[in-house]
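Before any comments, here is the structure.
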Amino acid sequence: MRRRDLLAGLGAASLGAAALAGRARAAGPAVYRRGNGADPETLDPHKTSTVAEATILLDLFEGLTCYDAGGNLVAGAAESWTTAPDGLAWTFTLRPDGRWSNGDPVVAEDFAAGLRRMLNPATGAKYASVLFPIRRAEAVNRGAAPPEELGVRAPDPRTVVIELEQPTPYLLELMTHQASTPVHRPSLARHGEAFSRPGNLVSNGAYLLGDFSPNDRITALRNPHYRAAGGVRIPQVEYIPTPDLAAAVRRFAAGEIDSLDDLPADQIKTLKARFGAQVSLTPALGVLALMVNLRKPPFGDARLRHALSLAVDREFLAEAVWGETMLPAYSLTPPGLDNALPPPEMPGRALSPLEREDRAVALLREAGFGPGAKPLAVEIRYNTTDNNRNMMVAIADMWRALNVATSFVNTDAKTHFAYLRDGGPFDLARYSWIADYSDPQNFLFLVESGNDGFNSGHYANPAYDALMREAAGTIDLERRAGILHRAEALFLADLPWIPLLHYRHKHMVSPRLKGMQPNIRGVAPTRYLWLDG
């Protein structure tokens, strides 16, 4: 009861402000104002790593493959492809009418150059490891081989050949990702690292970059040279950062924003009652967790990590804090992934809440902490949103019974994730992951040792790494699924991250915005949308 009283006291800002005396300036019919979570840290497609950045880049760039309006995988810059019998080589044929936003033709070497740049260690790409299935990719990224040895070739202007270290079931979906985008080589040569700034960026997608006003909006304009420009019905889109979700809802109600990609969870029932079908909740392939810094004493002790995990009431978080917009997570991978067994569940899943708390107390005491012993001080870092703040306060309340004193450090999303990627010290940190492709590997690779871009907690288990390598070299999909299942079971035994919740997509869409099709990927390329009034 105490926790529910706590959440009642946290309640989000009143929606009464939505009944504004004067309706704010409504968006004109030619401009789509798209709520987009946070400002990007960068628009260099080979250096990005957040969902907010990916949303923008999905409009600016087109990979060899892409998504349609319903989130289905379709041909992109490539019109067709073939696969070698052993699955170790793919050949893509580019469309003859592909053009960059300055009118230059898109050629195969643009894709080859983009992949080489992505894996060149000088680029410092955080997502480089997702391309390690490409032959020699890991060696190139670690500086053990020159980029020219990467297994990608452009034998002629319309042919891209990608050679692999091992069969990769998810390669086609990986080619939709910003890590696989081409690069306009003359712009990169002319501007260097500044090539992705407004006025410099040349893109091959349905839109081109207009301007970037930090903390206000990013503007993109329809690319007149895009191969299918005639079917792009929205001439201008503005991506508006919305870290304050309650304020974002008020702006939506006032007609200042046409769609939101996240909502304040404690307002969901009110929002559904007020806005009806404009509110959309759909399954998602994502996880929210607390990353633990294993190099920071005493958090290298697995007993302590399991105790903290056992004391978290995930059902309460999903229902009361997140308004049923999330699901309790007892595994790293969510259910419903392709090429996967049902995920294993962490130890203690079958215990009652009281039994979990008793087990947590016992583990903490074994580690020298807990009730009647030395208090455990825990600092949690998180990126600032209403939902995140409410969740962290609730978790601290759950841990109080274990004699855990919790403090917080909160920053904007850009600062938070940059801090983790740059190796800043922490105890526990909020981390979330939305899958780039529907395969368990896209979650499990996050904690492979040496994956410095994502494994900021420094988990390093040779047995885990060996299972991941074995799975990567396995052609039989059923056997591969079993290996990845064993790897996740080992992760859950070590618990370097504490999974909390699995995601649902939460959207609000104005009646004036047409063509939005909710899907498990959560993608909605602007090129398929249109405005009515």
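Predicted model only: the values in this text are computed from it and were never measured.
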Legend entry - Listed partners of S49 passing side chain to side chain donor-acceptor pair (under 3.5 Å), at least two apart: R421

Inset, instruction - Report yes if some heavy atom in the side chain of F316 is under 4.5 Å from a heavy atom in the side chain of M398; otherwise report no. - result: yes

Inset, instruction - Compute whether any side-chain donor of one residue and acceptor of the other, for T123 and N120, lie under 3.5 angstrom apart. - result: no

Legend entry - A144: side-chain contact (heavy atoms from CB on, under 4.5 Å) partners, not counting sequence neighbours: A139

Inset, instruction - Measure the spacing between CG of L402 and CH2 of W399 and express it to the nearest 0.5 Å. - result: 9.0 Å

Inset, instruction - Applying side chain to side chain contact (heavy atoms under 4.5 Å, CB included), run through L131 and L174 and close with a yes or a no. - result: CA-CA 8 Å; L131 296 178; L174 190 57; 3.9 Å; yes

Legend entry - Which residues share a side chain to side chain donor-acceptor pair (under 3.5 Å) with D44, sequence neighbours left out: R117

Legend entry - Geometric cation-pi criterion R381 and Y419, 6.0 Å radius, 45° cone: yes

Legend entry - Donor-acceptor pair, side chain of S449 and main chain of V447, under 3.5 angstrom: no

Inset, instruction - Please check if any side-chain donor atom of Y239 sits under 3.5 Å from a side-chain acceptor atom of D59, or the reverse. - result: yes

Inset, instruction - Start with the C-alpha gap between F132 and F445, add the side-chain angles, then the distance that decides, and say whether ring-ring contact (aromatic ring centres under 6.0 Å, His included) holds. - result: CA-CA 11 Å; F132 282 3; F445 91 103; 9.0 Å; no

Legend entry - W497: partners by ring pair (Phe, Tyr, Trp, His ring centres under 6.0 Å), with sequence neighbours left out: Y431

Legend entry - Pair R479 + E470: basic N to acidic O under 4.0 Å: yes

Legend entry - pair L294-F299: side-chain heavy atoms closer than 4.5 Å: no

Inset, instruction - Please name the pair of heavy atoms, one in L43 and one in L57, separated by the smallest distance, quoted to 0.1 Å. - result: O-CD2, 3.7 Å

Legend entry - Contacts of R251 that satisfy side-chain contact (heavy atoms from CB on, under 4.5 Å) - sequence neighbours left out: R217, I240, E256, I257

Inset, instruction - May I ask you to check whether T270 and Q267 show a side-chain donor-acceptor distance below 3.5 Å? - result: no

Inset, instruction - Output yes when a side-chain donor or acceptor of T48 lies under 3.5 Å from a complementary backbone atom of E53, and no otherwise. - result: no

Legend entry - Working for salt bridge (Lys or Arg N to Asp or Glu O under 4.0 Å), residues K414 and D39: CA-CA 7 Å; K414 181 169 64 174; D39 262 344; 5.1 Å; no

Legend entry - Donor-acceptor pair between Q178 and T181 side chains, under 3.5 angstrom: no

Legend entry - No-hydrogen, no-angle side-chain donor-acceptor test under 3.5 Å, E488 and T333: yes

Donor-acceptor contacts, no H, no angles, side chain residues 359-375, under 3.5 Å, sequence neighbours left out:
residue : atom : partner : partner atom : Å
R365    : NE   : P371    : O            : 3.1
R365    : NH2  : P371    : O            : 3.1

Inset, instruction - Rounded to the nearest 0.5 Å, what's the gap from CG on L310 to CG on L351? Could you check? - result: 7.0 Å

Legend entry - Stepwise salt bridge (Lys or Arg N to Asp or Glu O under 4.0 Å) test for K272 and E324: CA-CA 12 Å; K272 291 173 75 173; E324 300 183 350; over 6 Å; no

Inset, instruction - Could you tell me which residues satisfy ring pair (Phe, Tyr, Trp, His ring centres under 6.0 Å) with H177, sequence neighbours excluded, listed by chain and number? - result: Y127

Inset, instruction - Would you kindly say whether R469 and T474 are connected by a side-chain donor-acceptor distance under 3.5 Å? - result: no

Legend entry - L164 to L171 - nearest heavy-atom pair and separation: CD2-CD1, 4.2 Å

Legend entry - H46 side chain vs A125 backbone, donor-acceptor pair below 3.5 Å: no

Inset, instruction - For residues T282 and P518, report the shortest heavy-atom separation together with the two atoms involved. - result: CG2-CB, 3.5 Å

Inset, instruction - Step by step, work out the side-chain hydrogen bond (donor to acceptor under 3.5 Å, both in side chains) result for S352 and E355. - result: CA-CA 5 Å; S352 70; E355 289 172 329; 3.3 Å; yes

Inset, instruction - Under the ring pair (Phe, Tyr, Trp, His ring centres under 6.0 Å) rule, collect the residues that match up with Y382, sequence neighbours excluded. - result: none

Inset, instruction - Starting from the C-alpha separation in whole Å, work towards a yes-or-no answer on side chain to side chain contact (heavy atoms under 4.5 Å, CB included) for Y503 and M326. - result: CA-CA 5 Å; Y503 274 87; M326 302 281 256; 3.6 Å; yes

Inset, instruction - With side chain to side chain contact (heavy atoms under 4.5 Å, CB included) as the test, would you mind laying out the steps for H507 and V279 before giving the verdict? - result: CA-CA 6 Å; H507 297 284; V279 178; over 6 Å; no

Legend entry - Heavy-atom pair of closest approach, residues H306 and L492: CE1-O, 3.2 Å

Legend entry - Closest non-hydrogen atom pair, D436 against Y67: O-OH, 3.7 Å

Inset, instruction - Verify side chain to side chain contact (heavy atoms under 4.5 Å, CB included) between N383 and N388, making sure each step is shown before the conclusion. - result: CA-CA 7 Å; N383 54 299; N388 288 342; 3.4 Å; yes

Legend entry - Nearest heavy-atom neighbours spanning S309 and L495: CB-CD2, 3.5 Å

Inset, instruction - Could you tell me whether the side chain of D266 reaches within less than 4.5 Å of the side chain of D386, counting heavy atoms only? - result: no

Inset, instruction - Report yes if the side chains of V378 and V404 come closer than 4.5 Å at any heavy-atom pair, otherwise no. - result: yes

Legend entry - Listed partners of A248 passing side-chain contact (heavy atoms from CB on, under 4.5 Å), at least two apart: T242, L260

Legend entry - Test side-chain contact (heavy atoms from CB on, under 4.5 Å) applied to K269 - qualifying residues, sequence neighbours left out: none

Legend entry - Carboxylate-amine/guanidinium proximity below 4.0 Å for R314 and E319: no

Inset, instruction - Provide the full list of salt bridge (Lys or Arg N to Asp or Glu O under 4.0 Å) pairs with a residue in residues 284-297, sequence neighbours left out, each pair given once. - result: K296-D427

Inset, instruction - Verify whether one side chain among R389 and T384 offers a donor that lies under 3.5 Å from an acceptor in the other. - result: no

Legend entry - Distance, nearest 0.5 Å, that separates CD1 of I134 from CG of L115: 5.0 Å

Legend entry - Criterion side-chain contact (heavy atoms from CB on, under 4.5 Å) against M391, the qualifying member of T385, V312, L500: L500

Inset, instruction - Could you tell me the separation between the OG atom of S510 and the CD atom of Q278, rounded to the nearest 0.5 Å? - result: 6.0 Å

Legend entry - Partner residues of Y464 under the ring pair (Phe, Tyr, Trp, His ring centres under 6.0 Å) criterion, sequence neighbours left out: Y459

Inset, instruction - Answer with yes or no whether the side chains of N339 and R480 bring together a donor and an acceptor at under 3.5 Å. - result: no

